[in-house]
Every structure is written in structure tokens, then in C-alpha cells.
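Structure first, commentary second.
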There are 2 protein chains.
Amino acid sequence: MRDRRTAILEAAARVIARRGVRGLRVEELAVEAGVSKALIYYHFDGRAGLLGSTLGFIGDRAERYTAGPSGPASLSGASPPPAGREELERSLLLEFQDVPEVRENSAAWGELRASAVFDPELRGELARSGLSWVREVADLLRSATSRTGAGVSGPVLVAAAERLTALLEGLSARWLSGILPLEHARALMREAIAVELQQLGAGVRADCDRVAVDV
Amino acid sequence: MRDRRTAILEAAARVIARRGVRGLRVEELAVEAGVSKALIYYHFDGRAGLLGSTLGFIGDRAERYTAGPSGPASLSGASPPPAGREELERSLLLEFQDVPEVRENSAAWGELRASAVFDPELRGELARSGLSWVREVADLLRSATSRTGAGVSGPVLVAAAERLTALLEGLSARWLSGILPLEHARALMREAIAVELQQLGAGVRADCDRVAVDV
DNA sequence: GTCTATAAAGCGATAGAC
DNA sequence: GTCTATCGCTTTATAGAC
């Protein structure tokens, strides 16, 4: 195991995912992390400081697994990144998996985002992580449209990225609160990607033709 | 002022919008409502019962201002509902206004949705309200596409409605947490509506042609 | 750095008078 | 129906030993 401080942050992410930010009790966190309560106060500046650090920790971790290799498959070779659209879909659908690490990160992230509405101290980190995420998705959109959609301007890509990331957060919230099945959320996300790409001029041309025929 | 019970619910919506569900203290609510703590326990079944009642109250209020007339302008006559697309935009952009009642409702709704992730008791009401909202938006989409997009199937409309409502929630969360300016949120929402409508075959035909020319 | 023990405060909930 | 007063548990936070 890594140093105690990191162990506490990992435990905090787990507890937040399970109980929410308001449900996080320093004592429960201590048990989860296998340390004493006092040690948490030694390493962090009270409960508030702990939450801030945890938000940063979760943001970093999310960037790591979003930007990283696409799992076991990537072991098979040092091939250059896959075609833009696949990479885009992979990246955005990554959040919709019922595996502990992902669910934990999504839940914790959603909690901290919701908490930021009432706690201005958390907004800085939230804005920072959000911005880099939007930029990343905008880049993926550019790659995905580089062949067919040449000449798409930056702001248009950024707007599409903002819509896709905001949609992802909305769908994620519904999934986590149990009112939207996982597969349904994935399907809606995939469709949204297709719609945005088509709008940017990278969609399957037939779709656009079909629509025209309907008229 | 109405009866005390209603006054307490109104105060609860205000406090939740200000402090969040997590931050709601019975004592603070008592001060806000101008009553004693004990009276709250007399009218509601503890804190949990109070939250449940408040969720219902907020849901009803949201339906009222979503389905209701479009403000002062509607005083001018008993004209039938406006063209589908305008009505759709009006309905979805209604949530993005920096007036107390709307902001309060949005914030409280977002809070209760976030709380439902960790409190299964809140999910029933959430699912009920969410479903009727999706249906309403799907109906508006049908109206907006009835001329040019004849023959669009129900499930396709529902999926588009689900994407738009989920996007709205995602954008709303960002607006309320102060990382997305109100006007930017409105613009993104409007664009999303345009993109979805075009996909459904109701968009300005020229857009699709333009894309085809780019190839 | 890490623990045990304890102080201090917060908060939900109730009793009982009016 | 509404209030004042208070109880009692929970939770944050710190003191001080090792």
C-alpha cells in the first residue's frame, strides 16, 4: 500500500461513493482507511480540507483512466491511437460501466459536483477539471471529423464537446440514482455522439440523405 | 400568507436551494419559516418525512410553471399553443432564468436528484416526475416535427426527449455550481434542440445540404 | 507520524405548558 | 396548533502520550 495520506484519499472516494459527501463521517472514513480519526486531522485541514483534496484526487484519477490505454486490448501492440470516432466513443462510454472503480469515480464526482453548488470552495477544482475534460473531448471530436468535416471551427467543436460532457453528467446522475438502466444510458450517449458527429459533417452520409428523402 | 404547513414547505424549498438537502437544518428552516422547531415536527414526520413532502411540493410547482402560460405575454389572448418548436424551446429554456423562483426550484430539484443516489426512498417520486417530464417533451417534439418529419416513431421521439432532458439537467448543474454562465447554458441548450430537431427531420433543410456540399 | 481518550459542538427529536 | 425548554445521541475536532 502507498503512503497513508493516499490511502486515506482512496478510502474517502470509496466512502463518498457509498454514502455521499454529506454522509461521509470522519470516523467511518478512519475505519475504511484503517487509520485513526486523529491521523486524518493530522494530514488534512479538517473535514473541509479533506473534501477539497479528495475532489482533486478524484479529478486526477478520472483523467488518468479517461486518457489511458483502452484496457487489456491495448497490450497487444504499440499501435497509434484508434480512429477518432472509436476513441471518442470509448472515452465517453467509459463512464458507463458497472465496475467498482468506475462507478465509484462517477458517484464521487457527481457528489462533489453537486456539493459545489453550495460550497464555493470546491468550484475552482471543479472548473479546472471540467475545462480540461471539455478540451480533451473537443480534440477527439476534431480527430473524428478531420477527414470529412474539414474546416470545422474551434468554437463549434468546443460547443459540441460541452454538450456531450454535460449530457454525460446528466445521464450519469440518472443512472446512479437508479432511474435509468445502464444499457439505456449507453445507448442514449452513443446516439448523441452520432447526432453531434453528423452535425459536424462526419456522420455516415446516408443518414443525411435518408432524411432528405423523407421530405 | 397561507397556512403554516405550506409556509414551511415554501421555506424548505428556499433553504434547500440555499444550503442543499445536505445543509438543511431543522432549526434554520424554523427561522426561515418563522415558526418553532417543534411545529415542524408536529406537521411532518421527522426530517425524512419533511424531505419527502418537500420533493412532492417542488415537483408540483415545477409542473405548474412548466405547463403553464408563458408569462405576461400570455395575458394578451386565449390563442392556441404556439408553434411546436417555439413551445419546445420555451419549455426547455424556462429552467435557465436567474429569477428566484426558478433558480430555487432548479437547485432544489438538482439536490433531491443527487440525494436520491444515496436515499432509495426518494427515487419513487423522482422517477414519477422524470417520466412525465420526458413524455411532455416527447409530445412537444412531435408537435415540432409534425409537418416536416411525418412518420417519426414514438421511441425515437422519446429517446430525443431523454437526451434533451438529461442534457438540461447536466447544464443546469453546471450553471448552478457557477462554472457555466447562464447565457452560455441557454445557447448550448438551444443548439441541442436545433440539432435534435434537424435529426428528426424538422430542421432547416439547408443545413443538411450545406454539410453535403462540404464533402 | 500515529495512537487513545476526551472535550466541544451540532443537531434531531420530544415533553409539557398554553 | 404553537411555543419554550431540554434531552441525548452523533460527529467534529483537539490534547497529549508514544
Side-chain angles (χ1 to χ4, degrees), chain A residues 1-58 108 111-112 114-122, chain B residues 1-58 108 111-112 114-122:
Chain A
M1 186 185 292
R2 279 163 295 296
D3 62 300
R4 291 273 217 255
R5 197 190 139 93
T6 306
I8 293 171
L9 288 172
E10 288 171 345
R14 284 196 298 276
V15 174
I16 288 175
R18 194 164 60 230
R19 307 267 188 235
V21 166
R22 183 176 192 260
L24 184 146
R25 301 283 169 255
V26 178
E27 172 128 41
E28 183 182 359
L29 171 57
V31 172
E32 177 81 24
V35 301
S36 70
K37 271 194 297 182
L39 192 63
I40 294 172
Y41 287 97
Y42 172 80
H43 280 297
F44 301 94
D45 187 13
R47 208 190 105 104
L50 170 73
L51 289 181
S53 299
T54 305
L55 174 56
F57 177 74
I58 290 171
E111 260 303 278
L112 289 162
S115 301
V117 174
F118 309 100
D119 184 354
E121 286 183 37
L122 296 177
Chain B
M1 187 183 291
R2 279 163 295 295
D3 62 299
R4 291 275 216 254
R5 196 190 139 94
T6 306
I8 292 172
L9 287 173
E10 288 171 346
R14 283 197 299 276
V15 174
I16 288 176
R18 193 164 60 231
R19 306 269 189 234
V21 166
R22 308 157 172 69
L24 185 147
R25 302 282 168 259
V26 179
E27 172 128 39
E28 184 180 358
L29 170 57
V31 172
E32 176 80 26
V35 301
S36 68
K37 268 198 298 182
L39 192 63
I40 294 172
Y41 288 97
Y42 173 80
H43 280 298
F44 301 93
D45 187 14
R47 207 191 105 106
L50 170 73
L51 288 181
S53 299
T54 305
L55 174 56
F57 177 74
I58 290 171
E111 259 303 279
L112 289 163
S115 301
V117 174
F118 308 101
D119 185 354
E121 286 185 36
L122 296 176

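Note that these values count all heavy atoms, side chains included, but never hydrogens, waters or copies made by symmetry. Computed from a predicted model, the values in this text were never measured in an experiment. Per chain, numbering begins at 1; letters A, B, ... match sequence-line order.
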| note | In terms of heavy-atom contacts, A/Ala30 and A/Ser36 come closest through CB-C, 3.9 Å
| task | Salt-bridge test for B/Arg22 and B/Glu111: reply yes if a basic N is under 4.0 Å from a carboxylate O, no otherwise. | result | yes
| note | Scanning both residues in full, the closest heavy-atom pair of A/Gly52 with A/Leu122 reads CA-CD2, 4.0 Å
Tabulate atom names and distances for all N/O pairs under 3.5 angstrom spanning the protein and nucleotides 11-13 of chain C.
residue, atom, partner, partner atom, Å
C/dC11, OP1, B/Arg25, NE, 2.3
C/dC11, OP1, B/Arg25, NH2, 3.3
C/dC11, O5', B/Arg25, NE, 3.4
C/dG12, OP2, B/Val26, N, 3.2
C/dA13, OP2, B/Arg47, N, 3.0
C/dA13, N6, B/Lys37, NZ, 2.8

| task | Give me the one residue out of A/Thr54, A/Val21, A/Leu24, A/Val26 that meets side-chain contact (heavy atoms from CB on, under 4.5 Å) with A/Val15. | result | A/Leu24
| Interatomic distance where CG belongs to B/Leu39 and C1' belongs to D/dT4 [whole Å] | 13 Å
Table of protein N/O atoms under 3.5 Å from nucleotides 15-18 of chain D N/O atoms:
none

| request: Measure across B/Ala13 and B/Ala108 and return the closest heavy-atom pair with its distance rounded to 0.1 Å. | output: O-CB, 4.4 Å
| task | Start with the C-alpha gap between A/Phe44 and A/Leu9, add the side-chain angles, then the distance that decides, and say whether side chain to side chain contact (heavy atoms under 4.5 Å, CB included) holds. | result | CA-CA 10 Å; A/Phe44 301 94; A/Leu9 288 172; 3.8 Å; yes
| request: Indicate yes or no: does B/Glu32 engage B/Arg19 in a salt bridge with an N to O separation below 4.0 Å. | output: no
| query | Quick one: is C/dG1 close enough that its OP1 or OP2 comes under 4.0 Å of any side-chain N or O from A/Arg4? | reply | no
| Nearest-angstrom distance from the residue atom CD of A/Glu28 to P of D/dT10 | 14 Å
| remark: From CZ of B/Phe44 across to C1' of D/dT2 the rounded distance in Å is 14 Å
| message | Please report the distance, rounded to the nearest Å, between CZ in A/Arg19 and P in D/dT11. | response | 11 Å
| said: Quick check: do A/Arg5 and A/Ser53 have side-chain heavy atoms less than 4.5 Å from each other? | reply: yes
| query | Whole Å only: how far is the CG atom of B/Asp3 from the C1' atom of D/dT2? | reply | 14 Å
